[in-house]
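Model, not experiment: these values are computed from the prediction.
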Amino acid sequence: MMRFVAVKLLRAALTLWLVITFVFVVLRISGDPTDILLPDDVTQAVRDFYRAKWGLDKSLWQQYLAYWQSLLTGDFGMSLRSGMPAWDMVMERAPKTLLLGVCGLGMALFIGIPLGVVAARYKGTAIDRGVMSFAVFGFSMPNFFLGIILILAFSLHLRWLPSSGSGTWAQLVMPAFTLGTAFAAQIARFTRSAMIDVSNRPYMRTARSKGAGRLRQVVSHAFPNAVAPIVTIVGLKIGELIGGAVVTETVFAWPGLGRLITIAVANRDLAVVQTILILLAVTMITTNLVVDLLYGWLDPRVRDLRRAGVSSQEARA
């Protein structure tokens, strides 16, 4: 297990280095920030002054080395637009995105898992077809379009919920529902497949032969064996949840990282964009590592295969 964790940590460090390097290079070659942040009528002397102030007059390699020197000391740079530390700006918005993401994920699990279990239990019936129709609808509906529909219905027409802001729980309902709908649909489909797969296993036939009731079959035998692949897909889909938050926060004017990165990219605010993407990369890498460890804990067969030298991906297969 220690060897497995060490290999995973090494891969995580390599992945993070590649992400940081890729983002740094792409942002530098995408254009000169002074073209956006300075008026069009400024003199070349003023433009050169700000380029030197922001370190943009150096070669790409020199900027890269200087950036890594700053990162290793905990300095993520200063916002070119506001002059504030990029880390402080990101941490000011991060709790809002975390709240939205947790609520969206919670709603997706609360809706998706029961629907998937019910669809598997009534496979081939009208209930199953209804659940799968919801899954197709939720998966196909773009976040921005669903968000606009909810605003038109519940804010403008019914006037039940506010269309923007983040001060009260009522302002969280529509963004969380918009963010969690597609995820709930995917979880429902995956849960249904996992439950159908385990329903034909020998231990399920044994439970039925012993006279176990339907509820006990699901709760005590089927779902515990189906939960491992569900945990895996949840970990893999968290990245999509974070990506969806960018669109959702823009539609509902939610003051999180999604809106911040949209503004920062438009202004070529290099330090802010880099800091947000580093934070997201660390979140994704950590999530995948935790899911990998959880998979082995939930499924002892995977642990045994790992001890035999089989990779986690091969063990899952």
Side-chain angles (χ1 to χ4, degrees), residues 14-98 100 143-144 147-148 163-167 175 239 242-284:
L14 178 61
T15 302
L16 185 60
W17 172 75
L18 290 174
V19 169
I20 293 175
T21 301
F22 178 77
V23 171
F24 181 90
V25 173
V26 169
L27 287 176
R28 293 311 187 281
I29 66 177
S30 63
D32 190 343
T34 59
D35 294 337
I36 300 294
L37 297 173
L38 298 180
D40 296 333
D41 57 351
V42 298
T43 63
Q44 187 61 40
V46 173
R47 193 178 299 274
D48 292 340
F49 169 79
Y50 279 99
R51 284 179 53 82
K53 179 182 178 181
W54 294 333
L56 301 175
D57 59 331
K58 301 177 181 178
S59 66
L60 185 62
W61 177 249
Q62 290 174 319
Q63 294 182 51
Y64 181 71
L65 292 179
Y67 182 65
W68 268 106
Q69 291 174 355
S70 299
L71 280 184
L72 294 176
T73 61
D75 182 7
F76 288 82
M78 307 292 289
S79 168
L80 302 183
R81 184 174 181 84
S82 66
M84 295 176 56
W87 180 256
D88 292 346
M89 294 179 63
V90 171
M91 287 298 102
E92 182 181 356
R93 300 288 192 101
K96 293 293 186 181
T97 296
L98 179 62
L100 179 60
N143 278 5
F144 73 90
I148 292 173
S163 61
S164 62
S166 64
I242 295 173
V246 175
V247 178
T248 303
E249 289 181 6
T250 302
V251 171
F252 292 97
W254 184 266
L257 293 179
R259 278 179 55 80
L260 180 61
I261 196 172
T262 302
I263 297 171
V265 168
N267 293 322
R268 293 202 182 110
D269 202 342
L270 305 181
V272 176
V273 176
Q274 289 168 170
T275 303
I276 294 175
L277 294 179
I278 289 173
L279 181 62
L280 296 182
V282 170
T283 302
M284 282 297 303

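Scanning for salt bridge (charged side-chain N to carboxylate O under 4.0 Å, His left out) contacts around Asp48 gives an empty result, with sequence neighbours left out.
Smallest separation of non-hydrogen atoms from Gly77 and Ala271: C-CB, 4.0 Å. Of all non-hydrogen atoms in Ser79 and Asp269, the two that sit nearest each other are OG-OD2, 2.5 Å. Among all heavy-atom pairs drawn from Ile148 and Val251, the shortest one is N-CG1, 4.3 Å. Contact record, Val247 with Asn143: CG1-CB, 4.2 Å, taken as the closest heavy-atom pair. Looking at every heavy atom in both residues, Thr248 comes nearest to Pro175 through CG2-O, 3.5 Å. Between Leu279 and Thr283, the closest heavy-atom pair is O-OG1, 2.8 Å.
Note on residues 16-30: no pairs pass salt bridge (charged side-chain N to carboxylate O under 4.0 Å, His left out), not counting sequence neighbours.
The CZ atom of Arg93 sits 12.0 Å away from atom CD1 of Ile261, with the distance rounded to the nearest 0.5 Å. With rounding to the nearest 0.5 Å, the separation of CG in Leu56 from CZ in Arg47 is 11.5 Å. To the nearest 0.5 Å, the span separating OH on Tyr67 from CG on Leu72 amounts to 10.5 Å. Distance CG/Leu27 to CG/Leu270: 5.5 Å, rounded to 0.5 Å. In this structure, CG on Leu277 lies 13.0 Å from CE on Met284, to the nearest 0.5 angstrom. In this structure, CD1 in Ile29 is found 8.5 Å from CG in Leu60, a value given to the nearest 0.5 Å.
A 6.0 Å sphere centred on CZ of Phe24 holds more than 12 heavy atoms belonging to other residues, nucleotides or ligands.
Checked by atom type, the side-chain pair Asp75/Thr73 shows no donor-acceptor distance below 3.5 Å.
A salt bridge between Asp32 and Arg268 is absent, with no side-chain N of the basic residue lying under 4.0 Å from a carboxylate O of the acidic one.
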Next on the checklist: Before you tell me yes or no, could you show the steps for Leu71 and Ile20 under side-chain contact (heavy atoms from CB on, under 4.5 Å), namely the whole-Å CA-CA distance, both residues' side-chain angles and the distance that decides it to 0.1 Å?
Outcome noted: CA-CA 10 Å; Leu71 280 184; Ile20 293 175; 4.2 Å; yes
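Proximity of Tyr64 to Thr21: side-chain heavy atoms (C-beta onward) are separated by under 4.5 Å at one or more points. You'll find the side chain of Val42 stays beyond 4.5 Å of the side chain of Thr34, heavy atoms only. By the 4.5 Å heavy-atom criterion applied to side chains, Trp54 and Leu37 are counted as neighbours.
Side chain of Trp254 to backbone of Lys96: a donor-acceptor contact under 3.5 angstrom is found. A donor-acceptor pair under 3.5 Å is formed between the side chain of Thr97 and the backbone N or O of Leu257. Within the 3.5 Å criterion, the main-chain N or O of Glu249 finds no donor-acceptor partner in the side chain of Arg259.
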